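Scroll down for the structure; my scribbles are underneath it.
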Amino acid sequence: MSDVPEVKPPVVTPVRVVIALCLLAPFVAMLWVGSYAKADPAFIGIPFFYWYQMAWVLISTALTMVAYQLWRRDQRARASAATRTSTKGAPASAEGAEASAEGSAGA
């Protein structure tokens, strides 16, 4: 066992906050009905109430794609950091591993 404690990355990071905001924004926009419950301004004859919601379908898709890409990047970074920290204390060669095993067995 080593005396060095294992350092884990923080659970709440700025990237994860951005991911949460990307996923939360469409819900807030759609649940705040008072902000779009009106007919004007019309867009190509479609009342605001309808085209605003249709616009959020596209915006939600884009925000979900951004959140997914950020999540994948975050997971890859965490996996590579975990790999780096787990191999940090390992001996560089097989001979070093044997020597350290013999040293610990005799102690």
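Along the sequence shown, residues are numbered consecutively beginning with 1. The structure presented is a predicted model; accordingly, all values stated were derived computationally and were not measured. Just so it is clear, the values below take in all heavy atoms, side chains as well, and ignore hydrogens, waters and symmetry mates.
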>> Could you walk me through whether R73 and R76 satisfy the side chain to side chain contact (heavy atoms under 4.5 Å, CB included) test, starting with their C-alpha distance in whole Å, then the side-chain angles of each, then the deciding distance to 0.1 Å, before giving a yes or no?
In response: CA-CA 5 Å; R73 188 176 77 181; R76 280 190 304 243; 4.0 Å; yes

> Taking it one step at a time, do R16 and L70 satisfy side chain to side chain contact (heavy atoms under 4.5 Å, CB included)?
Replying inline: CA-CA 8 Å; R16 289 184 173 198; L70 288 172; over 6 Å; no

same_hphob_cluster([X], [Y]) at 4.5 Å side-chain heavy-atom cutoff:
X	Y	answer
Y68	I19	no
F48	V33	yes
F27	L58	no
L23	W56	no

Going from [atom1] on [X] to [atom2] on [Y], what distance comes out if it is rounded to the nearest 0.5 angstrom?
X	Y	atom1	atom2	result
L63	L21	CG	CG	10.0 Å
I44	W51	CD1	CH2	10.5 Å
S60	Q53	OG	CD	11.0 Å
F49	K38	CZ	NZ	12.5 Å

> Do you know which two heavy atoms are closest between T13 and R78, and how far apart they sit?
Replying inline: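 It is CG2-NH2, 3.7 Å.
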
>> Using every non-hydrogen atom in the two residues, find where C22 and A67 come nearest and quote the distance to one decimal.
In response: CB-CB, 4.0 Å

>> Check whether W71 reaches the backbone of V15 with its side chain - one donor and one acceptor, N or O, closer than 3.5 Å.
In response: no

> Can V66 and Q69 be said to form a side chain to side chain contact (heavy atoms under 4.5 Å, CB included), step by step?
Replying inline: CA-CA 5 Å; V66 167; Q69 293 299 323; 5.9 Å; no

> For the residue pair Y52 and Y36, does the interplanar ring angle fall in the parallel (under 30°), tilted (30 to 60°) or perpendicular (over 60°) class?
Replying inline: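 Parallel.
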
